[in-house]
Every structure is written in structure tokens, then in C-alpha cells.
Amino acid sequence: MLSNKKFVEKITDMEEDFGQWYTDVVKQAELVDYGSVRGTMIIKPYGFALWENMRDIIDQKIKETGHQNVYFPLFIPESLLQKEKDHVEGFAPEVAWVTHGGDDELGERLSIRPTSEVLFCEYYANNIHSYRDLPMLYNQWANVVRWEKTTRPFLRSLEFLWQEGHTAHATHEEAAEETDRMLEVYADFCENYLAIPVIKGRKTEKEKFAGAKYTLTIESLMHDGRALQTATSHLFGTGFAEAFDITYLDENGEQQYVHQTSWGITTRLIGALIMVHGDNRGLVIPPRVAPTQAMIVPIAQHKEGVLDKAYALRDQLKDIVRVDIDDSDHMPGWKFNESEMKGYPVRIELGPRDIEKEQVVLVRRDTGEKEFVPMNELATRLPALLEEIQQNLFDQALAHREEKTTAVTTIDEFKQTLEEKGGFIQAMWCGDTACEEEIREVTGATSRCIPFEQKEIAPTCVCCGKEAKDMVYWARAY
RNA sequence: CGGGAUGUGGCUCAGUUUGGUAGAGCACUGGCAUGGGGUGCCAGGGGUCGCAGGUUCAAGUCCUGUCAUCCCGACCA
């Protein structure tokens, strides 16, 4: 870990006030500005570049798994939104409505999509006729609006960007496979690109998506010991198909309902990345998604030849790593701090002394370690270093999660652990929603998921003492 | 939606108690020096005090109303 010595006071220590730390980092790293409407955000160039990198990787994986991108409208007529009962009930409290076109009141209110299930359903109903049309594997990148009461950049904003996959299949088995497949895509992305270890599992009935048969999820642990749902993949079964009359003729000429899924990840992942890897000096971005992987900082750049050499170095490296140069008029110390706040994985220092010795100084963001590297070895050393950083970030996050995961057998132990240590609680559960609600009331924790990887901690439910069905991960969550 | 607070240059805030015509730090512009962990000095530009009304010779300051935002609790990717 990086020493806790601070050079700049612009970022509140995370131990002191984690919420304020988060806000400071988001602002100082220039990821976002606040929009003029409460709860909205302007994603600035650096923040958007990060999102674009994440998006491009996921987009490629979505296409590799056979999906096609589409774009559906922003508006959903009220009558359409209301076709599936559970779905409306789930979203109604946070829907934004358009009531006027110019000065004229609309005959029917239009909701601004909080999610697009019903639009896809309407389309599927009109376009699926035969088993030959299936599966239909669509994805869209879009913005959605949910009128949240309390908001926070990336974690919960009125408007956010996401990707939503919507698929229709002939059979339950195919749809279930799809749901599993996409959860795997997300888990792979989180672990191998964002360096965020995840727990894969299923949501309880209480926590599942409104209208779904079941919801698969990946959950991860933030630095303050609170959990964050990083992605979800839902199996709808035929619920929506029945509500929207989405049917096809099978090989035997019989009318069948389609089996549907949906799955998504959002700009919230940026919040996860910040809260998993960041430290008291600011952001730490994993190399594989970092817009700038290495920032060159010229020292005494006014001196003859220094800047020329720095530009030459950039040109030499630009096909190997994503490299940039800070040739601003600031002092070197200022640039060091700036590069740490921005979370560039590696800083390359280059001054008169280095030029004389034909070397550069590499400083890694995660540990603060410095190394002197001969100019002619840089092309091999730098990519290797980036990989080391990527791996180290994952290892650190995993170690942190393991340290903060506790198995408990009694509700008192549950409560005490959560208060003193936070993190994930593993506890047995009978499967009854009443117990889930009581646990929340008593401890403040919600069920995060029923993990695929089960272990029996005790034979009985931590809450009611009846026979336990599953081991469940619990936590206070964002 | 309940409780608390705040609106003054781009940002953080002082000034309001006791009305007299707006100030600091940061940021910004120009200059000189400096340059291996937020550099120093000099010179500049920029606000009518959330909005609307009222009291007064005079309102950032007092009164009424209104809007917005932030923090704490219940709901959510």
C-alpha cells in the first residue's frame, strides 16, 4: 500500500468521512461536474474517456456472444408501461413524466424510460412469429431516468448511462443459459479489467428485478465495507410474453410463449472502481481501462532539450501504451499530485539528470514505488509494469474483501460484526422473506445474494432458527 | 415524504446581530524570477448579494412570500 503521507489537502481522508472522500475524488479527478438539475451530472472528458474504455470492452464482448446493437425511443406511453403489473409497481415511484408538447397538454402522459423492457416487448410481439426468428438477441446503449430521492455522482443519479440487453428465446433452458452467460461476461469484465473481485449469485425474491422470475447478480465490496451491486442479469420466463402476447409457432405448428432475459451494467461501475481502488491521494485507475496509462512529467522543462526529449519519449511510447505528457506550466510537485489525483497507473519523470543518464523514473500509482529504467528498456518494462499494477489492484481488493467477510451463526454476532467491522456477512437463511426483513430491521443489512458457491455454516437460519435453505451474503449496501 | 441548515465573483466563504452603496483565499490574465512533491513577488479582469414584493432618505443587512440546494432519516442500478 501507498504510504498515507499527503501532499494536498483537497481530498478528505477516507477514514475520516468516506462520503466526503468520494465526492472530493470525483471532483478533483475531474470526472464530473454537477448538472443544473439536482441529481444530474456532467461527465467531463476524463470521466467520459474512462466510460468509453469500459463501454468498448463490454460492447465487444456483447457482440462476441452473438448480440446486435439497436436503439429504441426515449419515451414510453403510460398505457404501455402499465401492461406488466409487477414491473409498473416496481418502477412507478421513480418515473419521470412528460405531460406537454410545447404548450399543449398530451392526451397520454409519456414516461421517460426508466428501463426499456416494455418497448422491447412491444417490438418482439410484432416481430417474432416463428421459431426461426429465435433467439432474438438485442442490446442497446442508452440513457435512462429514475427520479431518485437521494443522489450521488455515478452511484445514484437521476439520469445515467447504461447498456441493456433484451433477448427472446424459444425455451426456458436457452433463456437460462443466456442469463448465466451474460453474468459471466460481467464477472469477467469486473475482475479482469476493473480489477474488482465479485461474488456471483442469485437475488432473493425480495431483491429481484420487478417482473423477473429470478435475478442473477454480481456483488462487490467497497473500501468502506459497504457492498455494491455491480451488474445484474434477469430471467423473465414467460411473464412479459404473456402480458404482451409475444408468441411464436414452433416446429410442430403450436403457438408458444417466448422466454426472455434482460441484463445491464451502468455508469455506476465507475463509482465501484473509485470506491474499490481509490486512496487518500485520489483516484487509482486499473491500467486496462485507464484513459492514460502513463503520464510523462518533464522536470525543469524550460531547460534546453528537456521538452524535446519528453515529446520524443511520448512518440516512442505511443504505440505501446496510452501515454500523455503534462507540459503545463505548473511546478513538478504540482504535476505529481495532479497525476495521483487523476489515478494514472504510472508516472514517468524525465529531467536533466535522467537525460544525462539515458534513463527515466517510473513511479507506480498503486504502491508509490520508484524505479530507474534505462531508456532502451522502457518499451518492455512499461507494459510489464502495467500488468503488475493491474494484478496488484485485484489482489489488494480481494484481500480486503476476504478480510472483511465474516461467517456468523447468531443474530447478535451478525449485528456486532456489522457494526464493528462492516463488510460481507455470511449467514444461513431459511428462505422466508419475513426473516430477511427482520434481519434488515435489526442489523441494517440487506441480502446481497445467494452465492452459487455455497458452504454450510450452520444447519439453521440465523434469524428464526428453523432449518436453513441457503447461505446468503448480507451487507449494508449502496 | 418528515427533521435541520444554507443561498454573496468560477469555487470556498466573511460581511447580516447594531441598514450607509461589497471583501478575502483559491482559480483566471500579464510580467519577472523559480523548477526532482501543490514556488514567490508585482500588476490586472471579474460579483448588485437566489428570485419577487415591501419598509426606509438609504437594504447583502429588516419584513413577507417564493424557488433552489445541501445534510440526517424512510425508498432505489
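The chains referred to below are lettered A, B, ... by the order of the sequence lines, with proteins before strands, and numbering in each begins at 1.
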S.K.: Any donor-acceptor pair under 3.5 Å between the side chain of A:Gln301 and the base of B:rG35?
M.R.: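 A donor-acceptor contact between them is absent.
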S.K.: Would you mind reading off the distance between A:Asp24 atom CG and B:rU12 atom C1', rounded to a whole angstrom?
M.R.: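 My rounded result for the distance is 12 Å.
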S.K.: Going by heavy atoms closer than 4.0 Å, what residues in residues 346-356 of chain A are next to RNA chain B?
M.R.: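 Listed by number, they are A:Arg347, A:Glu349, A:Gly351, A:Pro352, A:Arg353, A:Asp354.
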S.K.: Show your reasoning for whether side chain to side chain donor-acceptor pair (under 3.5 Å) applies to A:Thr12 and A:Asp17.
M.R.: CA-CA 7 Å; A:Thr12 306; A:Asp17 182 346; over 6 Å; no
S.K.: Specify the separation, in whole Å, of atom NZ of A:Lys303 and atom C1' of B:rG35.
M.R.: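 The distance from NZ of A:Lys303 to C1' of B:rG35 comes to 7 Å, rounded to the nearest Å.
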S.K.: What's the gap between B:rA5 and B:rG50 when it is taken at their C1' atoms, as a whole Å value?
M.R.: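 16 Å, rounded to whole Å.
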S.K.: In whole Å, I'd like the distance from the CG atom of A:Leu158 to the P atom of B:rC75.
M.R.: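 The distance from CG of A:Leu158 to P of B:rC75 comes to 19 Å, rounded to the nearest Å.
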S.K.: Give a yes or no on whether a salt bridge exists between A:Glu340 and A:Arg365, defined as a side-chain N under 4.0 angstrom from a carboxylate O.
M.R.: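 Salt bridge between A:Glu340 and A:Arg365, a charged N being under 4.0 Å from a carboxylate O: no.
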S.K.: Strictly under 3.5 Å: I want the nitrogen or oxygen pairs between protein and nucleotides 66-72 of chain B, one per line.
M.R.:
residue	atom	partner	partner atom	Å
B:rU69	OP1	A:Arg38	N	3.4

S.K.: Under 6.0 Å between ring centres: does that hold for A:His166 and A:Tyr138?
M.R.: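 Distance test on ring centres: not under 6.0 Å, no.
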S.K.: Between B:rA43 and B:rU64, how many Å separate the two P atoms, rounded to a whole number?
M.R.: 46 Å
S.K.: Contact class for A:Gln229 (heavy atom, under 4.0 Å): base, sugar-phosphate, or nothing?
M.R.: sugar-phosphate
S.K.: Rounding to an integer number of Å, can you tell me how far A:Glu338 CD sits from B:rA27 P?
M.R.: 12 Å
S.K.: Is there a donor in the side chain of A:Glu159 and an acceptor in the side chain of A:Thr40, or the other way round, less than 3.5 Å apart?
M.R.: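 No pair is found: no donor N or O on one side chain lies under 3.5 Å from an acceptor on the other.
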S.K.: Could you check, using the six-membered ring where one of them is a Trp, whether A:Tyr124 and A:Phe244 have ring centers closer than 6.0 angstrom?
M.R.: no
S.K.: Taking the minimum atom-to-atom distance to the side chain of A:Met331, which one of B:rG35, B:rC75, B:rG37 wins?
M.R.: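 So the side chain of A:Met331 is nearest to B:rG35.
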S.K.: Which residues pass the salt bridge (Lys or Arg N to Asp or Glu O under 4.0 Å) test with A:Glu437, not counting sequence neighbours?
M.R.: none
S.K.: Please report the distance, rounded to the nearest Å, between NZ in A:Lys27 and C1' in B:rC26.
M.R.: 13 Å
S.K.: Categorize A:Thr215 for me: base, sugar-phosphate, or nothing, with a 4.0 angstrom heavy-atom threshold over every strand shown.
M.R.: nothing
S.K.: Want to settle it: does A:His302 or A:Phe160 sit nearer the 5' end of RNA chain B, counting the closest nucleotide to each?
M.R.: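 Looking at the nearest nucleotide for each, A:His302 comes out on the 5' side.
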S.K.: Please measure how far the P atom in B:rA58 lies from the corresponding atom in B:rG20, and state the result in whole Å.
M.R.: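 Per the computed distance, 14 Å lies between those P atoms.
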S.K.: Tell me whether the rings of A:Tyr478 and A:Phe18 are parallel (<30°), tilted (30 to 60°) or perpendicular (>60°).
M.R.: tilted
S.K.: Determine, using ring centers only, whether A:His87 and A:Phe240 are less than 6.0 Å apart.
M.R.: yes
S.K.: A side-chain contact here means heavy atoms from C-beta on lying under 4.5 Å apart; do A:Glu122 and A:Leu80 qualify?
M.R.: yes
S.K.: Taking only the C1' atom of each, what is the distance from B:rA68 to B:rC49 in whole angstrom?
M.R.: 16 Å
S.K.: With rounding to the closest Å, how many angstrom separate the C1' atoms on B:rA52 and B:rC11?
M.R.: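 Nearest-Å result for B:rA52 against B:rC11 at atom C1': 28 Å.
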S.K.: Is a donor on one side and an acceptor on the other found under 3.5 Å between the side chain of A:Lys206 and the backbone of A:Glu436?
M.R.: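 No.
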S.K.: Atom CH2 of A:Trp147 and atom P of B:rC1: how far apart are they, to the nearest Å?
M.R.: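 Nearest whole value for this atom pair: 13 Å.
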S.K.: Touch check for A:Leu155, heavy atoms < 4.0 angstrom, all strands: base, sugar-phosphate only, or nothing?
M.R.: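 The answer is base, as A:Leu155 lies within the cut-off (heavy atoms under 4.0 Å) of a base atom.
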S.K.: Determine the interatomic distance between C1' on B:rG25 and the same-named atom on B:rU8; round to the nearest Å.
M.R.: 15 Å
S.K.: For A:Lys149, enumerate each residue passing the salt bridge (Lys or Arg N to Asp or Glu O under 4.0 Å) test, keeping only those at least two apart in sequence or located in another chain.
M.R.: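 Expected list: none.
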S.K.: Nearest whole Å is fine: how far is B:rG35 P from A:Asp326 CG?
M.R.: 18 Å
S.K.: Test A:Thr167 against every option in A:Thr261, A:Thr179, A:Asn139 by the side chain to side chain donor-acceptor pair (under 3.5 Å) rule and name the one that passes.
M.R.: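 Of all the options given, the one that passes is A:Thr261.
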S.K.: Run the salt-bridge test on A:Arg364 and A:Asp366 with the 4.0 Å N-O cut-off and return the result as yes or no.
M.R.: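 A:Asp366 and A:Arg364: salt-bridged.
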S.K.: Can you tell me how far C1' in B:rA22 sits from the matching atom in B:rU29, rounded to whole Å?
M.R.: 23 Å
S.K.: List in chain and number order the residues that pass side chain to side chain donor-acceptor pair (under 3.5 Å) with A:Arg288, two or more places apart in sequence or in another chain; answer none if no residue qualifies.
M.R.: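 Expected list: A:Glu387.
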S.K.: From the list B:rG37, B:rC1, B:rG36, which nucleotide is the closest neighbour of the side chain of A:Lys149?
M.R.: B:rC1
S.K.: Over how many whole Å does the gap from A:Lys44 atom NZ to B:rG10 atom C1' extend?
M.R.: 11 Å
S.K.: What is the nucleic acid contact for A:Val297, judged by heavy atoms within less than 4.0 Å: base, sugar-phosphate only, or nothing?
M.R.: nothing
S.K.: Taking any heavy-atom pair under 4.0 Å as a contact, classify A:Phe91: base, sugar-phosphate, or nothing.
M.R.: nothing
S.K.: Work out how far the C1' atom of B:rG45 is from that of B:rA27, and round it to whole angstrom.
M.R.: 13 Å
S.K.: Using Watson-Crick pairs (N1 to N3, plus N6-O4 or O6-N4) and G-U wobble pairs, both distances under 3.5 Å, which stems of at least 3 pairs involve RNA chain B?
M.R.: B:1-7 with B:67-73, B:10-13 with B:23-26, B:28-33 with B:39-44, B:50-54 with B:62-66
